[in-house]
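First comes the structure, then the notes that go with it.
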There are 2 protein chains.
Amino acid sequence: MLVDLVNYIKVVSRMKEKTHELLDLLQEAAWFFGNRAFDGYCCEGLSFMEYQALVEIRRTENSSIQDVGKAIKFTKSGATRVIDRLERKGYARRQRSSADGRVCCVAITSRGKSVTSKITENYAAYLDDVLKDLDVRSLEMIADALRFLIAAARPPKVASAKSLPSTRRRSFS
Amino acid sequence: MLVDLVNYIKVVSRMKEKTHELLDLLQEAAWFFGNRAFDGYCCEGLSFMEYQALVEIRRTENSSIQDVGKAIKFTKSGATRVIDRLERKGYARRQRSSADGRVCCVAITSRGKSVTSKITENYAAYLDDVLKDLDVRSLEMIADALRFLIAAARPPKVASAKSLPSTRRRSFS
DNA sequence: CTAGAAAGGGTGACAATGTCAACTAGATTG
DNA sequence: CAATCTAGTTGACATTGTCACCCTTTCTAG
């Protein structure tokens with residue numbers, strides 16, 4: 001039926017509109033709260049990606065270099081380089097795995113812990129300032145919304161490659 | 001009263017906890033939907049910041065180079081460089097302002113328009129895929145939440161410097 | 001048991017990117 | 001009209017992350 005077709009088109013174009021609205025909102029929110037909020041450099045001479053790596057190292061005590069690399073979407077040589085820098089700065093430490101002589105277990109140092117805490121505190125202060133006028137109900141709602149988003153986007157939906165098409169950047173072997 | 005103090009401390013630590021929860025959620029969401037979702041490179045040989053610049057150029061037809069630079073938080077020489085690249089790639093065009101011989105009005109070309117559209121479509125497809133299992137109510141809720149966040153973070157709250165402390169990167173003159 | 005493949009990690013060369021400092025040229029102001 | 005301001009550009013540079021290739025350790029098939 002023609003009517004069905006027209007309705008279908010209406011529905012589709014309505015959805016498209018909705019997607020685009022969400023898209024704009026997400027982009028802008030990510031701009032304000034994502035890495036750009038760090039101005040490219042966080043503090044204590046850590047770049048944003050170095051910070052991310054350090055957080056991952058802290059989260060999973062004793063992960064291999066490649067694990068860290070995967071978490072921040074670097075090639076393995078890129079991962080080597082970040083760890084190099086973190087180690088040189090005294091925030092992380094390599095140590096050969098006793099179980100497998102090839103892998104390097106990366107561990108965070110106490111200085112590393114304190115620097116991640118410091119950066120997190122900075123960010124929390126920024127957040128508090130930005131969100132100070134919102135009431136608890138709104139904050140609750142925002143947290144719920146973010147949880148929905150994250151649950152939807154999280155890899156556990158693996159099996160299907162769930163990232164944007166990319167012209168460069170190969171992933172791991 | 002001691003009880004008041006204890007309550008005060010309770011409230012404060014509760015808020016702190018909440019802020020940290022939101023912080024984690026925001027960071028993770030920004031990770032999934034922000035620039036990193038582009039894998040560093042979007043397509044047609046545009047980096048994420050080049051894409052941002054192009055979007056800004058498209059949004060404000062005829063802005064100066066520094067305007068674009070401010071929008072993406074670059075120094076003016078950085079802005080010059082991005083525009084250089086966009087022009088070389090055929091996505092934007094400089095033209096001296098007739099009103100003021102110093103300023104360069106940057107305009108988007110038709111190829112520029114089509115490339116931004118293409119990238120946006122890619123992103124929309126990604127979003128559709130990720131959010132396909134969410135119902136309309138949830139999507140509505142998410143959009144509302146994002147609007148709250150953006151309204152809170154948007155500069156119009158100017159006057160007070162509202163960005164994270166940064167050890168590097170000076171802003172404009 | 002051993003040869004060869006596989007896997008973790010590291011390195012040199014390189015390209016991309018964005019900064020600073022200094023410069024040019026057009027606009028403004030006393 | 002001289003001094004100053006402002007927009008934009010450029011050279012030199014530091015940072016960053018990639019690729020291609022290498023070494024070393026582990027695994028596996030015959």
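- Listed candidates were C/dT11, D/dT16, C/dC20. Nearest to the side chain of B/Ser77 is C/dC20.
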Would you be so kind as to tabulate the donor-acceptor pairs closer than 3.5 Å made by side chains of residues 144-151 of chain A, with sequence neighbours excluded?
unit_1	atom_1	unit_2	atom_2	d
A/Asp144	OD1	A/Arg147	NH2	3.2
A/Arg147	NH1	B/Glu21	OE2	2.5

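- Remark: P of C/dC20 and NZ of B/Lys76 are 12 Å apart, rounded to the nearest angstrom.
- Of all the residues in residues 92-100 of chain B, B/Arg94 reach under 4.0 Å from DNA chain D with at least one non-hydrogen atom.
- If you take CG of A/Leu86 and P of D/dG17, they are 11 Å apart, rounded to a whole angstrom.
- A sub-4.0 Å separation between OP1 or OP2 of C/dG10 and a side-chain N or O of A/Arg102 is absent.
- In this view, B/Glu121 satisfies the salt bridge (charged side-chain N to carboxylate O under 4.0 Å, His left out) rule with no residue, not counting sequence neighbours.
- Spacing between atom NZ of A/Lys70 and atom P of C/dG9 amounts to 9 Å, rounded to whole angstrom units.
- Minimum heavy-atom separation, B/Leu26 to A/Phe33: CD1-CD2, 3.8 Å.
- Considering only residues two or more places apart in sequence or on other chains, B/Ser138 meets the side-chain hydrogen bond (donor to acceptor under 3.5 Å, both in side chains) condition with B/Asp135.
- Atom pair A/Arg85:CZ and D/dT18:C1' shows a separation of 13 Å (rounding to whole Å applied).
- A heavy-atom distance below 4.0 Å to DNA chain D is reached by none of the residues of residues 55-65 of chain A.
- In this structure, A/Gly101 reaches the sugar-phosphate backbone alone: every heavy-atom distance under 4.0 Å involves primed, P, OP1 or OP2 atoms, never a base.
- For A/Arg94, the side-chain contact (heavy atoms from CB on, under 4.5 Å) test picks out A/Ile65, A/Thr80, A/Ile83, A/Asp84, A/Glu87, A/Cys104, with sequence neighbours left out.
- In terms of the side-chain contact (heavy atoms from CB on, under 4.5 Å) criterion, residue partners of A/Thr60 (sequence neighbours excluded) are, by chain and number, A/Glu56, A/Ser63.
- Scored by the side-chain contact (heavy atoms from CB on, under 4.5 Å) test, A/Lys113 finds A/Arg58, A/Ile108 as partners (sequence neighbours excluded).
- Between A/Thr75 and D/dT18 there is a side-chain N or O to OP1 or OP2 distance below 4.0 Å.
- Here A/Asn62 pairs with A/Cys105, A/Ala107 under the side-chain contact (heavy atoms from CB on, under 4.5 Å) rule; sequence neighbours left out.
- Rounded to an integer number of Å, the gap from B/Asp67 CG to D/dA7 P is 9 Å.
- Of the side-chain N and O atoms in A/Arg81, none sit less than 4.0 angstrom from OP1 or OP2 of C/dG10.
- Computed from coordinates, the B/Ile83 CD1 to D/dT9 C1' distance equals 13 Å when rounded to whole Å.
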Evaluate A/Asp67 against A/Ser64 for side chain to side chain donor-acceptor pair (under 3.5 Å), listing each step before the verdict. CA-CA 5 Å; A/Asp67 288 340; A/Ser64 74; 3.2 Å; yes

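- Taking 4.0 angstrom as the limit, B/Ser47 places a side-chain polar atom (N or O) nearer than this to OP1 or OP2 of C/dT17.
- Regarding B/Asp84, its CG atom lies at a distance of 14 Å from the P atom of C/dA16, rounded to whole Å.
- Distance, A/Gln66 CD to D/dT18 P: 13 Å, rounded to whole Å.
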